[in-house]
Structures are given as C-alpha cells and as structure tokens.
Student: 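Take a look at this one; I'll ask things after.
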Number of protein chains: 2
Amino acid sequence: MATIRELARLCGVSPATVSRVFNNPEVVNAKTREQVLRTARQIGYLPNESARTLATKKSFMVGLVWDTDHRRPGWRHPFFQEILIGLKTALSGREYHLLMLATSGDTSGERTEDAYVRAVRRHNLDGVVMIDSGTWDPSLRRLSESGVPCVSLDRPVEGSRATYVTSDNAGGARLAVRHLHERGRRAIATITGPAHTRPGAERLRGYQDEMSRLGLPHRPEFVVEGDFYLSGGHAAMRRLLEADERPDAVFVAGDEMAVGALRAIGEAGLKVPEDIALVGFDDIEVAALVPPGLTTVAQDKAGFGTAAAEAVVSMINGADAPPPRILPTTLVVRGSSTPPL
Amino acid sequence: MATIRELARLCGVSPATVSRVFNNPEVVNAKTREQVLRTARQIGYLPNESARTLATKKSFMVGLVWDTDHRRPGWRHPFFQEILIGLKTALSGREYHLLMLATSGDTSGERTEDAYVRAVRRHNLDGVVMIDSGTWDPSLRRLSESGVPCVSLDRPVEGSRATYVTSDNAGGARLAVRHLHERGRRAIATITGPAHTRPGAERLRGYQDEMSRLGLPHRPEFVVEGDFYLSGGHAAMRRLLEADERPDAVFVAGDEMAVGALRAIGEAGLKVPEDIALVGFDDIEVAALVPPGLTTVAQDKAGFGTAAAEAVVSMINGADAPPPRILPTTLVVRGSSTPPL
DNA sequence: CGGTTACATGAAACCGGTTACAGCGAGATG
DNA sequence: CATCTCGCTGTAACCGGTTTCATGTAACCG
C-alpha cells in the first residue's frame, strides 16, 4: 500500500506538501499540486483513514444507534429502511460514513447498555443519530453533554449539542380528522399509540384539537390506546365495536394498527368504508396493498434521514444545535375513506 | 482522553505491558493485570481504535455493501431489515462493527462505482458483505482477489476469499408446487422472477422439476416472467387470466408479485382460493396481512445475516472461503391455498 | 538597495497504540 | 556454583498521516 511518504518521494516533495495537496489544496503551488494528484492517481494512493483520524481526532464517521431488541420499537420503526437510505445518501454526499451501533444484543456482561457509547469514543465518531429507542437514554445524554453531536428521531432531546427530527404528528392527525369530517363522518373515534411515546401523544392531541374545532363532542369511549402493532390495533378495534354506540370512522394512529383494525372490522361482519371509514398514519408499504387501500397520513420518510444528516453535520462543523425539525405530513386518500355510495 | 501511556504511568508499568493486558492477558502477571484493569476502569480508559488499526492493520469493521439505487434490488431486498439485524447482532457478538457502504448515490464524478472499494481500503475494512446488487461487480471481484473476504447474499461468487449465502430456492419452489398438488390443483402456473437473477432462475427450475416429478404437463403458456415487484405480478397474472385455459393455481416466485396477482384476480371477478390458489415466496410481512392470507415459502431471514457474519469472520480469521451456505426454506400455509370448500 | 511581505515548502514532533527484541531475576539443573 | 530456562517486563521503533514552526525565495516598496 502506497503511503504518503512514498508518494512524496516519487514527486520529490515532502510528505507535508502531499498532505496539504489533499487537505488544503489552495496553499500549494498549482504545478506541484497537479503533479502530486497525477502521481497519486497513477500509483493508486489512498490516504489511510485510521492514521488521519489518529492525527486529527475526526473520523468522518457518524454512528447510527438503533435498538435491536425485538420488543422495542427501534429496529421496526415503520420506515427504518427509508430513513437509513436517506441518512446514508445525505451523509455520503457530505463525505461522512455511517457506522451501525446497537443498544442491545451485545454480549458483554455488566454495562452492556453503554456498549455503543464506548464505541463512539473508541472510534472517535464525530456524531450520532439515534432512532427512537424508547427513552432519552442517560448514556446518550452524557454523550451529548460531552460534546458529541446527537440527533434523535421522533424523540425530543435537549442540550446544546443535541436536537431531533420528527413529523408534524399533531398536524397530520388534524388532517385525518378533518378529512373524515368532510366525508360526512361525525362519530369519529381514534386508536392511539402508547401515551408515553411522543408520536402517540401528539397524534392524540391533534385528534382532540380538530374534534373540538369541528364542534364534535369528545367521548372518552371513542379513544382507545393501542401499541402501534397489528395485534394492538385489532384488540382496540374490537373494544370500539363492543361499545354502545358504534363509530362511523376511526383515525388509527399507525398503519400497522390500522391493518389490525381493518381485520377486526371484517371479522365483525362490517365493511370498510361503507360501515366504518378508516384513516391510518405513516403510509407504510402495506397501506397501498391491503384492500380496499388504506387512506393514511404520510410522513416524509426520506426527509427524516436527510434532515438528521444535515443537523448532525452542521453540529459537527461547530454550529449550535439547530431547532428541532418538524417534517410536514400529507394525506394520501385511498379506498378506506371513500364516501359510502 | 486517557491514553495508554498515562494509564501505564499510573500503574507504574510500561505502555507495552498495558497493551498486553488487553491483547494478550495470559502473558502478563496476574497481579499486574488486575491492577491495570482496575485502574483502567477507574479512569475510564478506552483504547483508541484508530491507533490500533493503524498499528495492526485490522479494523474489526466489515462493510455492508448495498445498492441505494431505487431502481435496483439491493436496498429493497424483501427483508433487508432482518438481514441487517441478523448481521449486526452476529457481528457484534464477534466484536466486529458494521460500516454501511453504498454502490451508488455517491457524488464523485468519474469512478463513482468504485467509491465503496476505496472506502474498504481507506478504512482497512477486514471484510465485506454484499446484498445482491445485480451483478457480480468487477470491483468486488478485484477486492476479493486482493484478499479482502467477501460474502454475497443471493448471488454466487467465486474466489478463495469469497463465498455466498442463499436460500434453497429450488427446494422451496418444489415445496410450493407439491403443496398445491396435494390440495388437488393440477393446472399449476407460475409467475417467475427475472431469469437473470439467481433466485428467479432457481425457483423456476424447482417449479419445473416438481411439475415433471408429479407427472404434470409442461405448458409454456403457464410460465410468465415477472420482475419481483407488485406491478409485474399484476401484469403477469393478467396475462395468465387471458390465456385459453385458466390455471387453478399459481406459484408466484415472490410475495410482492403475489400481492399484485391477488389484486389482478380480484379485478377479474375471481376468488382466491376458490377459483385460483396462490403460493408466494419470501414470507414478507404483508403476506400475513393481506386477505385471505398468503400461503408462502418462508426464507430464514435472520439466518442470512448470521450465516454471512459467520462466513466473513471465519475468512477474516484466515480460513479459506467456506462452501456456499444454502438456507432451508419452509412452507407457511395460509388462506390463499386452502382447499375450496 | 535594504527591508518587508507573501508564498511555498521542509523538518520534525506528534497522534496512541503494537510488537520485536533485549534484559532481568528467580528457580531449576548439572 | 555456574548456567540454563522461564516468566515477566521495558525500550524503542513503527504504523501513516497532520501540523507547527522555521526557512528560503521572489516580489514589492520607499
């Protein structure tokens, strides 16, 4: 493997000059620069990132922390994949790499929870992006306080080196309710996410806000808490159907739950949208596939990754934590909310 | 940040000894070792991986190469996420980290295709896992020939430092056909994947083998090529329905296509499974969600990641490339293939 | 023409580990 | 008692970059 000294020797210059060619091109004489670049290409010189990191303490890598515990939401975030690709693409464009870090699944005994924090320090990671792992983890807090830029997805965080990206959950929920209202529905129920999650709480708030704005009565029996998963949606819908008065529409705060609800409605011998209209949230792939097509509030999936990348890089470059980024949501209308003929 | 010399000074030993405590514990006196470990814990010493990599040329990182081009299959591999989690978990357990590398989406001009190869060299990556990116990429070949262990998923590769992991595609296809036969179907058609992909070709072969084994006639009009995507499955199914004789069952070589087929059947006013039974392949999430539930050939999703991790690590440790790993497939029976009442 | 300034470069220390080699003391051996 | 062996440890070079500081040269100025 060609080293910088070798390249320098071939060009008859010092290693320092070669280094400058790559990091500070403008300070070196144009002629020398060209020659160095040409020779570098010829011999296939590539700077060794470890050496560079060792010297500069910048690794040009950011960690993606996500939760590999199957019981927790991280790895099955509704569009993990889209976030990942958005993040990766945006980071690549800024010359950063992405290192995968997990908050569980590590073997080590006692302080396993901190494994990813140790990785950040050992590898000189320049920043961290975290996919909602349940809590604003104390280790992460310490990390951020120690100056490592942190961006969290869907979970508020604080600190001068930390910010977060999330969707306009409340706005999206309002959109959904308004849409159902416009389609003539009045008895609008909701299946919420867990109250302790940010998106869960926000979507409920949006639902409530819009209901009052429209002058629709608030009925406690029309608000049932789900868990963001299929089975939870199914169970919640059954509870709604057992109530004295049946809703003619349900805003379900997550598409996966909505599919569960769809099934429960079918099992009860009712039809969507004729008997009950449904609007979900997320716009996951299934939404378009499951008959009759699920009307849903779409999140800007790629935007998550892009926004996170922007935020983390700007902090890496010395900026203060930018304000939280709230991504707009849009309504995608499909069969589950068409007016009954 | 604590360095090894600092720790050494505190313990009254040389840096070499400290280094040995971490890399070769058995050669250092038990008493000294304990003291070093204790002190290390106290001051929160963590070895600097860049320095270590620089000195040893081993980074304990492997690259995951995948295709971020939306038009190509890599990033939407039917269970990218499960592979990723399996891989990550298995690698973590072996003290390796995972660096994300993309084959497109990079900005640089001319030789953009090689961006990930350069990353491998710059970062001293110990190995590479590649999610089917269409072709057995010449850059990857060179990489493998230069001694970097490579594991490919769903695509055969060759070389003493390269191997691959795939499902028993042919076996799974046979399973599907046999199942349909057992359920009394005789006019069994198939919608295949693209012929140039390995899984596409293998599944077709399995279908053909089992058809002849069962003594069922081979009818060319019962074999239609799809593209693994929803729309392709939809179109292929329509062509099957337009044929003179209608099949009473279809083996669809991918669940996403199967969902498209399901839809096409519904649009034609026919019913699954009454008129046509369907068996898919992959067992993606939707398969369980879409009514009436899609019978499908399940792949061992987590197994992909685990097997890849095992293979790459064993090669990193000096072993020759292990033989290709063929993961078993199993049939998951759901509503789409129940016998007509 | 002497003195300043700007520009381009080189020498050498440094980043934080690893490791080949040498050395030392204690116990074993002849 | 001299020597050998073994177990343990230290010295110092090395990995491949970056960066501070000094230096040399040419241009510029009064």
Student: Measuring to OP1 and OP2 of D:dG16, would you say a side-chain N or O of B:K57 lies under 4.0 angstrom away?
Tutor: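 The answer is yes; a side-chain N or O of B:K57 sits under 4.0 Å from OP1 or OP2.
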Student: Please give, in whole Å, the distance from C:dT18 P to B:K58 NZ?
Tutor: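 So the NZ-P distance, B:K58 to C:dT18, works out to 13 Å.
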Student: Between B:I4 (CD1) and D:dG10 (C1'), how many Å, whole number?
Tutor: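 Checked: the CD1 to C1' distance equals 13 Å.
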Student: Please state whether the phosphate of C:dT18, meaning OP1 or OP2, lies under 4.0 angstrom from any side-chain nitrogen or oxygen of B:T56.
Tutor: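 Indeed not, no polar side-chain atom of B:T56 lies that close.
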Student: Check whether any side-chain N or O of A:T32 sits under 4.0 Å from OP1 or OP2 of C:dT9, and answer yes or no.
Tutor: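 Yes, A:T32 has a side-chain N/O under 4.0 Å of OP1/OP2 on C:dT9.
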Student: Over how many whole Å does the gap from A:R122 atom CZ to C:dG17 atom C1' extend?
Tutor: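 My rounded result for the distance is 12 Å.
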Student: Quick check: on DNA chain C, is the nucleotide nearest A:V13 upstream (toward 5') of the one nearest A:A55, or the reverse? Name the residue that is more 5'.
Tutor: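 Closer to the 5' end of DNA chain C: A:V13.
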Student: Just compare C:dG16, D:dT11, C:dC15 and give me whichever is closest to any side-chain atom of B:A16.
Tutor: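 Per side-chain heavy atoms of B:A16, the pick is D:dT11.
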Student: Regarding B:K88 and B:S92, is there a side-chain donor-to-acceptor distance under 3.5 Å anywhere?
Tutor: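 The criterion, which ignores hydrogens and geometry beyond distance, is satisfied for B:S92 and B:K88.
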Student: Quick one: B:E6 CD to C:dG16 C1', roughly how many Å, whole number?
Tutor: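 One finds 12 Å between C1' of C:dG16 and CD of B:E6, rounded.
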Student: Report which part of the nucleic acid A:V18 touches: base, sugar-phosphate, or nothing (heavy-atom distance under 4.0 Å, all strands).
Tutor: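 No contact.
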Student: Is the phosphate of D:dT18 approached by A:R52 (side-chain N or O, under 4.0 Å from OP1 or OP2)?
Tutor: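 Answer is yes, contact under 4.0 Å.
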Student: Quick check on DNA chain D: between B:L54 and B:V28, whose nearest nucleotide comes earlier from the 5' end?
Tutor: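 Per heavy-atom nearest nucleotide, the more 5' residue is B:V28.
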Student: Can you see if the side chain of B:N29 gets near the phosphate of D:dG7 - specifically, an N or O under 4.0 Å from OP1 or OP2?
Tutor: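 Result: no.
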Student: What does B:L7 touch in the nucleic acid at a heavy-atom separation under 4.0 angstrom: a base, only the sugar-phosphate, or nothing?
Tutor: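 Touches nothing.
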Student: Under a 3.5 Å cut-off for both contacts, is D:dA27 paired Watson-Crick or G-U wobble with anything, and if yes, with which nucleotide?
Tutor: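 Across all strands, the one nucleotide that pairs with D:dA27 is C:dT4.
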Student: Taking the minimum atom-to-atom distance to the side chain of B:S14, which one of C:dT9, D:dG10, C:dT18 wins?
Tutor: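 Closest nucleotide to the B:S14 side chain: D:dG10.
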Student: What I want to check is whether the side chains of A:N23 and A:R52 have a donor and an acceptor closer together than 3.5 Å.
Tutor: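 Yes, because at least one side-chain N or O of A:N23 sits under 3.5 Å from a partner of the opposite role on A:R52.
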Student: Under 4.0 Å from OP1 or OP2 of C:dC15: is there any side-chain N or O of B:N48 that close?
Tutor: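 False: B:N48 side-chain N/O out of range (4.0 Å or more) of C:dC15 OP1/OP2.
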Student: Roughly how many Å is it from CZ in B:R5 to P in C:dT18, rounded to a whole number?
Tutor: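 B:R5 atom CZ is separated from C:dT18 atom P by 11 Å.
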Student: A:N24 CG to D:dG17 C1': how many Å, rounded?
Tutor: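 To the nearest whole Å, that distance equals 15 Å.
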Student: For the side chain of A:T17, counting heavy atoms from C-beta on, which of D:dT9, C:dG10, D:dC15 is nearest?
Tutor: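 Nearest to the side-chain atoms of A:T17, counting from C-beta on, is C:dG10.
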Student: Considering only side-chain heavy atoms of B:A51, which listed nucleotide, D:dT18, C:dG17, D:dT9, is closest?
Tutor: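 In terms of side-chain proximity for B:A51, the closest of D:dT18, C:dG17, D:dT9 is C:dG17.
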Student: Without decimals, in angstroms, what is the distance between A:F22 CZ and C:dT9 P?
Tutor: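 The answer, rounded to whole Å, is 15 Å.
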Student: Counting distance alone, no hydrogens or angles: does the base of D:dG10 have a donor or acceptor under 3.5 Å from a partner atom on the side chain of B:R20?
Tutor: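 Per atom types, the contact qualifies.
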Student: Please name the nucleotide paired to C:dG10 by Watson-Crick or G-U wobble geometry with both distances under 3.5 Å, or report none.
Tutor: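 Pair assignment: C:dG10 / D:dC21.
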Student: Between the side chains of A:D154 and A:T166, is a donor N or O closer than 3.5 angstrom to an acceptor N or O?
Tutor: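 Their side chains do contain a donor-acceptor pair, which is all the 3.5 Å distance test asks for.
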Student: Could you tell me whether A:E145 and A:R142 have a side-chain N and a carboxylate O separated by less than 4.0 Å?
Tutor: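 The answer is no: the pair does not qualify as a salt bridge.
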Student: Is any side-chain nitrogen or oxygen of B:T3 closer than 4.0 Å to OP1 or OP2 of C:dG16?
Tutor: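 Indeed not, no polar side-chain atom of B:T3 lies that close.
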Student: Whole-Å distance between D:dC8 P and B:K31 NZ?
Tutor: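 My rounded result for the distance is 13 Å.
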Student: Would you sort out whether B:F80 and B:I131 count as a side-chain contact (heavy atoms from CB on, under 4.5 Å), showing the intermediate values?
Tutor: CA-CA 8 Å; B:F80 180 88; B:I131 292 191; 3.6 Å; yes
Student: For the pair B:H123 and A:H97, name the ring-plane relationship: parallel under 30°, tilted 30 to 60°, perpendicular over 60°.
Tutor: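 Because their plane-to-plane angle is over 60°, the rings of B:H123 and A:H97 count as perpendicular.
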